[in-house]
Amino acid sequence: MTSSVQQAQQALGLRLRDLRKDANLTGLQLADLAGWRHSSKVTKIELGKQKPTDDDIRAWCRHTGAEAHVADLIATARHIDAMYTEWRRNLGTGTRRRQNASRTLEAKTKLMRWYEPVLIPGLLHTAEYATAVMRRVIDFYGIPDDLDAGVEARMQRQKILYRGDHRFHFLIAQQALATTVGNDEVMIGQLDRLLAVMSLPRVHLGIIPADAEYRVPTHNFIMYDRRIVHIENISAEVTINQPREIALHDRVFTELASQAVIGTTARNLINTALDQRRHKQQTAGGT
């Protein structure tokens with residue numbers, strides 16, 4: 001069990017323990033009510049040493065008067081093992097398979113909401129920007145080098161921007177315009193690409209200014225309708241599908257969207273970043 005999975009299991013145990021305490025039951029009393037032979041089962045579940053079954057959770061909630069929590073707790077327990085996928089395993093055969101998995105998920109999504117604090121979202125990449133990002137990923141994780149196939153698959157994913165009735169709401173922090181991926185030439189092409197995709201009727205792009213007030217804790221995440229949230233951290237990709245956490249990310253996205261600038265103001269931020277890149281490039285060329 002990875003430390004992340006163990007932490008998730010412990011968090012579930014703490015939630016169950018709180019329900020028991022709120023019901024003024026000892027572990028022994030709960031075990032008796034549920035008909036469990038060994039009261040130690042309660043302790044093991046609460047400490048995260050044993051994952052409860054669906055029936056365990058139903059019994060737990062029934063005897064603690066917490067039936068309203070059954071669906072959320074079962075969803076949490078069912079996906080504990082599957083929620084963390086280490087990058088080494090996810091990218092074990094290279095980047096292409098991961099890109100194809102994203103394409104399948106995106107095809108099933110009507111509204112995709114994507115927040116990126118540092119980089120441009122993958123669906124909006126130019127081939128050159130994608131190449132620079134994926135080159136770094138391949139080298140950093142030491143995975144099979146399928147750069148060309150991975151970039152091609154990422155470009156194929158972008159066809160969804162023009163097909164069907166899908167809608168896309170991208171939020172990026174202003175830092176994403178300033179982060180250098182590749183070099184100035186790559187960034188100029190990528191910023192031009194952003195200006196172009198802003199005109200697509202299905203794409204809504206907002207930029208959160210660098211001096212925006214801090215309001216909510218953030219990290220990058222992608223919401224596929226209200227079914228799944230993907231989070232990418234250094235060691236793993238986290239898949240969230242329990243209603244309580246999805247609702248939390250929904251609140252965060254809504255708050256971030258309220259801070260973002262759109263339309264002409266967003267274009268001005270992109271054009272300013274473009275001008276800075278071009279000036280830097282011209283200055284370097286003149287020395």
Side-chain angles (χ1 to χ4, degrees), residues 4 8 11 72 83-84 102 105-106 108-126 129-130 133 154 157-158 160-161 165-181 187 190-274 276:
S4 297
D72 192 69
M83 65 189 298
Y84 294 93
S102 290
L105 186 55
E106 288 155 4
K108 298 176 181 177
T109 302
K110 295 295 184 185
L111 173 61
M112 180 180 296
R113 289 176 290 175
W114 191 328
Y115 169 67
E116 283 287 350
V118 179
L119 296 175
I120 304 300
L123 272 181
L124 306 181
H125 284 183
T126 63
Y129 191 98
V133 170
R154 175 161 291 186
R157 284 172 54 196
Q158 297 185 5
I160 199 170
L161 295 172
D165 56 355
H166 308 282
R167 292 181 297 123
F168 306 88
H169 189 168
F170 297 102
L171 287 178
I172 60 175
Q174 189 175 353
Q175 175 59 45
L177 306 178
T179 303
T180 298
V181 174
M187 289 305 301
Q190 181 59 63
L191 293 170
D192 269 333
R193 166 72 174 155
L194 279 187
L195 290 172
V197 296
M198 287 179 72
S199 62
L200 296 177
R202 298 165 183 157
V203 173
H204 185 78
L205 174 65
I207 302 173
I208 301 172
D211 60 353
E213 176 190 7
Y214 174 79
R215 294 184 184 172
V216 289
T218 57
H219 48 65
N220 87 307
F221 62 94
I222 309 170
M223 300 187 70
Y224 299 89
D225 295 321
R226 287 187 168 82
R227 298 177 295 115
I228 293 173
V229 176
H230 273 178
I231 301 168
E232 297 177 350
N233 63 33
I234 294 172
S235 60
E237 180 176 66
V238 181
T239 300
I240 291 173
N241 48 22
Q242 61 171 304
R244 180 175 55 87
E245 291 194 58
I246 289 175
L248 197 60
H249 283 80
D250 187 83
R251 283 178 54 199
V252 169
F253 194 90
T254 300
E255 186 66 37
L256 292 172
S258 74
Q259 293 184 285
V261 297
I262 59 175
T264 301
T265 309
R267 285 183 177 277
N268 289 340
L269 288 179
I270 297 172
N271 280 318
T272 298
L274 257 175
Q276 291 171 344

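- Met112 and Leu123 make their closest contact through SD-CD1, 3.8 Å (heavy atoms, listed as atom of the first residue, atom of the second, distance).
- Residues Val229 and Glu245 are not in side-chain contact: their nearest non-hydrogen atoms beyond the backbone lie 4.5 Å or more apart.
- Annotation for Arg215 and Ser258: closest pair NH1-OG, 3.3 Å, computed over non-hydrogen atoms.
- Note that CZ of Arg113 and CZ of Arg167 are 9.5 Å apart. Values are rounded to the nearest 0.5 Å.
- Nearest heavy-atom pair across Ala273 and Leu177 is CB-CB, 4.0 Å.
- A perpendicular orientation is assigned to the rings of His169 and Phe253, their planes being inclined by more than 60° (bins at 30° and 60°).
- With hydrogens and angles disregarded, no donor-acceptor distance shorter than 3.5 Å links the side chain of Glu116 to the backbone of Gly122.
- The ring of His249 has its center no closer than 6.0 angstrom to the ring center of His230.
- A distance of 10.0 Å separates CD1 in Ile231 from CD1 in Ile222, rounded to the nearest 0.5 Å.
- Separating the CG atom in Leu256 from the CZ atom in Phe221 is a distance of 6.0 Å, to the nearest 0.5 Å.
- Contact of the Ile120 side chain with the Arg193 side chain is not registered, since no non-hydrogen atoms from C-beta on lie closer than 4.5 Å.
- The one candidate from Leu194, Leu124, Leu119 that meets the side-chain contact (heavy atoms from CB on, under 4.5 Å) condition with Ile172 is Leu194.
- The closest side-chain heavy-atom distance from Phe168 to His204 is not below 4.5 Å.
- Nearest heavy-atom pair, Val261 versus Pro209, reported as atom, atom and distance to 0.1 Å: CG1-CG, 3.9 Å.
- Of the possible polar contacts, one joining the Thr179 side chain to the Val118 backbone as a donor-acceptor pair under 3.5 Å is found.
- Looking at Val181 and Met187, their side chains come closer than 4.5 Å, going by heavy atoms from C-beta outward.
- The NE2 atom of His166 sits 11.5 Å away from atom CG of Leu111, with the distance rounded to the nearest 0.5 Å.
- Annotation: the span from Asp225 atom CG to Asp250 atom CG amounts to 11.5 Å, rounded to 0.5 Å.
- The two residues Val216 and Glu255 make their nearest non-hydrogen contact at CG1-CG, 3.7 Å.
- Taking CG from Leu274 and CD from Gln190, the interatomic distance works out to 10.5 Å, rounded to the nearest 0.5 Å.
- Using a 4.5 Å cut-off on side-chain heavy atoms (C-beta onward), Ile160 and Arg202 make no contact.
- Looking at heavy atoms from C-beta onward, Ile207 lies in side-chain contact with Ile270 at the 4.5 angstrom threshold.
- Judged by distance alone, with hydrogens and angles left aside, the side-chain atoms of Gln259 form a donor-acceptor pair with the main-chain N or O of Glu213 at under 3.5 Å.
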Practice item. May I have the step-by-step check of side-chain contact (heavy atoms from CB on, under 4.5 Å) for His219 and Tyr115, ending in yes or no? Key: CA-CA 8 Å; His219 48 65; Tyr115 169 67; over 6 Å; no
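- Within 6.0 Å of CZ in Arg226 there are 12 or fewer heavy atoms belonging to other residues, nucleotides or ligands.
- When all heavy atoms of Gln175 and Pro117 are compared, the pair lying nearest together is CB-O, 3.6 Å.
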